[in-house]
Amino acid sequence: MAENLSDLEKIRLGKLKRLKEQGVEPYPIHAEQSTTSQQAIATFEAAEKEGTADKLGEVTLAGRIRGLRPMGKLIFAHIEDRNGRIQLFFRVNELGEARMKSLMEDYDLGDFIQASGELMRTRTGEITLLVKDFKMLAKAITPLPAAKDEVVDGELIRHASLTDPETRYRQRYADLAVNADVRTIFRTRAHIIRSLRDFLDSRDFLEVETPVLQPVYGGAAARPFTTHHNQLKQDLYLRISFELYLKRLLVGGLERVYEIGRDFRNEGVSFKHNPEFTMLEFYMAYADADKIMALTEEMVSSVAKQVKGSTVIEFGEHTIDLAPPWKRATLRDALQEATGIDINEHPDAESLASIMQEKGMEAKPGTPRGKLIDGLLSDHLEPILIQPTFLYDYPRDISPLAKSKPDDPQTVERFEGFTAGFELCNAFSELNDPLDQEQRFIEMGRSYENDDELRHPMDEDYLKALRYGMPPAGGFGMGIDRLVMLLTGIRSLREVILFPHLRKTDEDKL
RNA sequence: GGGUGCGUAGCUCAAUGGUAGAGCAGUGGCCUUUUAAGCCAUUGGUUGAGAGUUCGAGCCUCUCCGCACUCACCA
């Protein structure tokens, strides 16, 4: 290991050794933090108004050294804790020569430190801890990537920072340590998920957990990851959706259920696809697609209000208002407006493919009609749906788990919600007719004959469940990562996933 | 998987085929209210890896690795 260390790391190792020689434990077991930076500042300000600031007594702060400014026999430092930064003021008057020397020689940016003393204001007015005592909590061997910033008129000005995306994602710890805005993204993410839970819990939904390892995968059209149980000598799949298990729970009488968890899809990796991603699905007995639509706009706008304080959000150059009601259009009408093609006039794949080709669009011969429509949607419609919009009435053959419309068996009661040019959610009236469902599985198998992994195995147990009777229900699915992108205004999925998947490097292979 | 671009000090970036540099960080020194502290001095490089062309390669060619963008794939 030692040969791989940079010069900077060797110097810090030397400091570590020196601390130990002086009898200082650089990684002590016990630490103390009586308050945080921002609480301390708020308390001091309040006391100042009361005129009691000098009677506050001592506080103990802990955090990571982010700024260090020795000035003769003074040292100013900033430490950062979970809710912000505060300045520390070290002076020989309080600490004596020896401790000042130790601080000067052996403490670096990035070290964790504990400091206690009384709060005061410096000559420039900054609320600061005048340190009476301090100790090392954890010595950093590797220096943090240089990050210098200042706050001018409330705005953060960056003078140096870690920006290389590869380093940021591979060493997310370093990214988080030096980029406060990255930490903010993940606080927002947690807040969003909490708000979703609050919303559903308050409507009497039960949060459940269903298997990640599944003997039969289903509920979506995607390639799965395969794994193996050694003792059982059984292949298992990582789930590609929760749908079929959650609907088994409807059969069991749990009328309103939801799950927030990870899906795994063995597909391309890009700025909007990660092999594992977080999904929310809920199922509601005695609801249908229409009711779910109303609930969706209520839920998303409620989360936006809780997290952002408003239903109006900025996303790139767009200002988006998530307040209900969202725009509604049939898939047919919206496609006609966007492309000039009326899909009802082209009831078979051949006819639809030929009109698409006439208009210079790509349409591979042999593609099923549903897939062609799906292609039209994602290429020509999705990118222009900026304000929140529900498209409804989807073709049956790309919706094998949705119930047909009573008056139109080729169309199902399904909708998708779009905003900011991407798909946010997908929902439908759940197919609860076991015989129809079996027929759909068979049809779907046929249309994927050329691709074994996309041709889902028949889920016999799911059909068995349906035969016990499943109440009519509305179901809903939404990618949480996309919702986080929307509400944080970030365009890359990787920015909202703590540890996005990256290819392994030579270093990893060793 | 295809195409395009990128990879230089711990970080952010320079460098016509001709001695690899700057700022920040680091190290040494001065400084008792600084805050991107300042001033003086100074260390630091297998230019992603490997091969080739050339008197000479960070730069040109090839192979490989990684990242970004993009296309394909993808409820």
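These numbers come from a predicted model, not from an experiment. Here is how names work: the chains are called A, B, and so on, in the same order as the sequence lines, proteins then strands, and each is numbered from 1.
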Rounded off to whole Å, could you give me the CG-to-C1' distance for the A:Asp108 and B:rG10 pair?
12 Å
B:rU33 base / A:Glu126 side chain donor-acceptor hit below 3.5 Å
no
Taking only N and O in the side chain of A:Arg91, is any of them less than 4.0 Å away from OP1 or OP2 of B:rU34?
no
What I want to check is whether an N or O donor and acceptor connect the side chain of A:Asn426 with the base of B:rA75 at under 3.5 Å.
yes
Please determine, for the side chain of A:Arg170, which listed nucleotide (B:rA75, B:rU34, B:rG66) has the closest atom?
B:rG66
Which one is paired to B:rG1, where only Watson-Crick or G-U wobble pairs with both distances under 3.5 angstrom count?
B:rC71
Nearest listed nucleotide, side chain of A:Asn93, among B:rU32, B:rA68, B:rU34
B:rU32
Only one of A:Lys15, A:Arg18, A:Lys139 clears side-chain hydrogen bond (donor to acceptor under 3.5 Å, both in side chains) with A:Asp106; which?
A:Arg18
Which nucleotide in the set B:rG26, B:rC67, B:rU27 lies at the smallest distance from any side-chain heavy atom of A:Leu109?
B:rG26
What's the CD-C1' distance between A:Glu166 and B:rG7, to the nearest Å?
9 Å
Could you give the distance separating B:rA9 and B:rG48 at their P atoms, to the nearest angstrom?
8 Å
Nearest-Å distance for atom pair CG/C1', residues A:Leu13 and B:rU27:
16 Å
What is the distance from CG of A:Leu88 to C1' of B:rA37, rounded to the nearest Å?
16 Å
Atom CD1 of A:Ile11 and atom P of B:rA9: how far apart are they, to the nearest Å?
17 Å
What I want to check is whether an N or O donor and acceptor connect the side chain of A:Arg123 with the base of B:rU33 at under 3.5 Å.
no
Among B:rA75, B:rG26, B:rU33, which nucleotide sits nearest the side chain of A:Glu416?
B:rA75
Nucleotide B:rC67, atom P - distance to CD of A:Gln171 in whole Å:
14 Å
Check: A:Ile240 main-chain N/O paired with A:Arg265 side-chain donor or acceptor under 3.5 Å
yes
Roughly how far apart, to the nearest Å, are B:rC60 and B:rG18 at atom P?
12 Å
Distance-only donor-acceptor test (3.5 Å): side chain A:Asp164, base B:rU12
no
Spacing of A:Lys73 atom NZ relative to B:rU34 atom P, expressed in whole Å
17 Å
B:rU47 and B:rU19, which share atom name C1', separated by this distance in whole Å
15 Å
N or O in side chain of A:Thr163 less than 4.0 angstrom from B:rU12 OP1/OP2
yes
When rounded to the nearest Å, what value does the distance between P atoms of B:rC11 and B:rA49 take?
14 Å
C1' atom, B:rU63 versus B:rU70: distance in rounded Å?
24 Å
Determine whether A:Glu430 and A:Lys247 satisfy the following criterion, salt bridge (Lys or Arg N to Asp or Glu O under 4.0 Å), listing intermediate values before the conclusion.
CA-CA 9 Å; A:Glu430 300 298 335; A:Lys247 288 198 289 198; 2.5 Å; yes
Of A:Arg12 and A:Leu74, the one whose nearest nucleotide on RNA chain B sits closer to the 5' end is A:Arg12
Is the closest side-chain donor-acceptor distance between A:Glu413 and A:Tyr394 under 3.5 Å?
no
Hey, does the side chain of A:Arg223 come within less than 4.0 Å of B:rC74's phosphate (OP1/OP2), counting only N and O?
no
In whole Å, what is the span from the CD atom of A:Glu243 to the C1' atom of B:rA75?
10 Å
Are A:Lys371 and B:rC73 close enough that a side-chain N or O sits under 4.0 Å from OP1 or OP2?
no
Would A:Lys405 and A:Asp393 count as a salt bridge (Lys or Arg N to Asp or Glu O under 4.0 Å) if you check the C-alpha gap in whole Å, the side-chain angles of each, and the deciding distance to 0.1 Å?
CA-CA 8 Å; A:Lys405 291 171 74 75; A:Asp393 287 355; 3.2 Å; yes
Which part of the nucleic acid does A:Arg66 contact within heavy-atom distance under 4.0 Å: base, sugar-phosphate only, or nothing?
nothing
Minimum-distance nucleotide to A:Arg414 side chain [options: B:rU27, B:rU33, B:rA75]
B:rA75
C1' gap between B:rG45 and B:rG5, integer Å
25 Å
In terms of heavy-atom contacts, A:Ile185 and A:Glu495 come closest through CG2-O, 3.7 Å
Euclidean distance for C1', B:rU46 against B:rG58 (whole angstrom):
13 Å
Taking the C1' atom of each, how far is B:rC62 from B:rU54, in whole Å?
16 Å
What's the separation between atom OG1 in A:Thr419 and atom CZ in A:Arg482, rounded to the nearest 0.5 Å?
12.5 Å
Using OP1 and OP2 only, check whether a side-chain N or O of A:Arg69 sits under 4.0 Å from B:rA37.
yes
I want to verify a distance call: between B:rA75, B:rU32, B:rC74, whose nearest atom is closest to the A:His273 side chain?
B:rC74
Look at the side chain of A:Val92 and decide which nucleotide, out of B:rG10, B:rA75, B:rU32, has an atom nearest to it.
B:rU32
With a 6.0 Å cut-off on ring centres, are A:Tyr283 and A:Tyr258 close enough?
no
Go ahead and name the base partner of B:rA37; Watson-Crick or wobble counts if both distances stay under 3.5 Å, otherwise write none.
none
Just checking A:Tyr394: base, sugar-phosphate only, or nothing, at a heavy-atom cut-off of under 4.0 Å?
nothing
Taking the nucleotide of RNA chain B with the closest heavy atom to each, which residue, A:Leu68 or A:Asp7, is nearer the 5' end?
A:Leu68
Paired nucleotide for B:rU53 [Watson-Crick or G-U wobble; both distances under 3.5 Å]:
none
Would you indicate which nucleotide in B:rC67, B:rA25, B:rU34 comes nearest to any side-chain atom of A:Leu502?
B:rC67
